[in-house]
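Taking it in order: structure first as structure tokens, then the write-up.
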Amino acid sequence: MKRYGIALELAHVPPLDPDFLPLHRFNQAFLAEAREPVSIAVERPGGQISVCRTFIRSVGAMRAADRFYIDRLVKTLLWMKGGFRIYVSGSRAVFHFLGETYGPGGKRAFDSAYMADVFEHPFEVVWAPEPPAEREIPRATGGHLDGCRIGFDAGGSDRKVSAVMNGQTVYAEEVVWFPKLNADPEYHYAGILEALRSAAAHLPRVDAVGVSSAGVYRDNRTMNASLFRQVPRDVFEAKGRDIYIRAITDTFGEIPFEVVNDGDVTALAGAMSLKDTNVLGIAMGTSEAGGFVDSQGQITGWLNELAYVPVDAGAAAASDEWSGDIGCGEKYFSQESIIRLAPRAGIPLDAHLSPAEKLAAVQKRMEEGSDAAAQIYETIGVYLGHTLPYYHALYGCKHVLLLGRVMSGRGGDRIAETADLVLRDEYPGVHAALTLELPDERFRRIGQSMAAASLPATKGEVGSIC
């Protein structure tokens, strides 16, 4: 298997996707003969800066392998860390390449426009004679268990809510909904209100509300979220930005609340469950959500949008309809992967079914012992086994918590077992350093909403993850 003249060999190949080429393996092979230093830094609000020092193979003009490596690296940094400004040091060729790539009409114009919107700042690629100093500002959140709380988890195919009293869940429900298909935010608002009121009916009072939601949030405002993909821009600005703020205050008045990306809440759920830190949470649901709790038990404040972090370096990698890019996590670690692979396994799916219903149909076959369905989950397990070393290199995590609807039932078990086998056989060092964690079935499905309830602090309370 070759890509840009770089040869790779895999002992474990996804049975339904033989052209899959792990980006981590490509990077390792590329860097083995790369000697020309280059530094890339990304800046976020508040002067937060993340720096990556690496190498390319060419001196002067970039070759195809250099361009591919840099393109995938910067894409990873932006969607992992977030940023409105890229600093380039060490290579003028890389600087000019990224300026064109992220400029108007460039190959990554979607990404630069997204970041400019999220951070409310024009996107820039600038030359720096020396890379800027790194500056990270993580924050402690979650682990608050006092009183009567509601945790709401807004996914793309279902919404989950939990009523929690002094750390004990007294009520939880899951409801199918279709936020990605609705252009009227009143649909979203009504669904949020219904969930909040359903949970409140099982509590004597409501002291605080925590929200776990797909997308990017700053100061509890929705900066960007695929849940509102169909909502016109002007309508989103008027009714989408503050939708959770309005829903909570309209229902309960002025109480403590917090809205956090669902990936970070996944990681928080893992840290609370394991009573440990350095936890990467991956929720495989409508999309792929990622979050990280660092060694101090804090949330980093990074985007952690693993759905748009590249994982497949193959020329025939799966394409994402939203960004137009190929090979990114959403198509490999979500219900989209199940739906994409089903025809290859010989499993027809009724076109009239919703994505959640298509997933349920495959899950049903898996529970019935279908070999075809097992191939789908084994394929995702191989994807994961080859991708976890990349995530480990990026985060330095020692636990990976796997949650979400895709991880439910026998299919989720097959994914985890296969990933563990790939790690043991092909990445023994990572296998020794990393532990895969699968909570019980109930926690896999609604763990995020339970953890979300612990997000806001009430007056005088100090949280404790561990």
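Below, each value reflects all heavy atoms present in this structure, side chains not excepted, and no hydrogens, waters or symmetry copies.
For the pair E194 (side chain) and G191 (backbone), a donor-acceptor distance under 3.5 Å is absent. Judged by distance alone, the side chain of H121 and the main-chain N or O of A116 form no donor-acceptor pair under 3.5 Å. Checked by atom type and distance alone, the side chain of N278 pairs as donor or acceptor with a backbone atom of S295 at under 3.5 Å. Between the side chain of N182 and the backbone N or O of Y187, no donor-acceptor pair lies under 3.5 Å. With S334 contributing its side chain and E336 its backbone, the two residues share a donor-acceptor pair below 3.5 Å. The backbone N or O of T222 lies less than 3.5 Å from a partner atom in the side chain of R241, making a donor-acceptor pair. Remark: side-chain polar atoms of D219 are not paired, donor with acceptor, to backbone N or O of R221 under 3.5 angstrom.
A cation-pi arrangement, defined by a distance under 6.0 Å to the six-membered ring centre and an angle within 45 degrees of its axis, is absent between R410 and Y377. Relative to the ring axis of Y332, R340 places its NZ or CZ within 45° and under 6.0 Å from the centre.
Donor-acceptor pairing under 3.5 Å is lacking for the side chains of Y383 and T379. Residues S323 and Y114 have side chains that never bring a donor and an acceptor to within less than 3.5 angstrom of each other. Between the side chains of S198 and E173, at least one donor N or O sits under 3.5 Å from an acceptor N or O. Between the side chains of Y395 and N304, a donor-acceptor pair is found at a separation under 3.5 Å. Judged purely by distance below 3.5 Å, without hydrogens or angles, the side chains of D294 and T300 never pair a donor atom with an acceptor atom. For the residue pair S157 / T286, a side-chain donor-acceptor distance below 3.5 Å is found, with atom types taken as modelled.
With contacts defined as side-chain heavy-atom distances shorter than 4.5 Å, the pair E258/T141 qualifies.
The shortest heavy-atom contact between G155 and L227 is O-CD2, 3.5 Å. Here the shortest heavy-atom pairing between M407 and L438 reads CE-CD2, 3.8 Å. Between S454 and L268 the shortest heavy-atom distance is OG-CD2, 3.9 Å.
Not less than 6.0 angstrom separates the ring centroid of W127 from the ring centroid of Y87. Residues F228 and F236 bring their aromatic ring centres within 6.0 Å.
A salt bridge links D325 with K75: at least one charged nitrogen is closer than 4.0 Å to a carboxylate oxygen. Ion pairing of D146 with R149 is present here, as a side-chain N (NZ or NE/NH1/NH2) and a carboxylate O approach within less than 4.0 Å. Of the charged side-chain nitrogens involved, none lies within less than 4.0 Å of a carboxylate oxygen, so that D71 and K107 do not count as a salt-bridged pair.
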### Task
Step by step, work out the salt bridge (charged side-chain N to carboxylate O under 4.0 Å, His left out) result for K331 and E288.
CA-CA 8 Å; K331 290 295 183 179; E288 179 194 11; over 6 Å; no

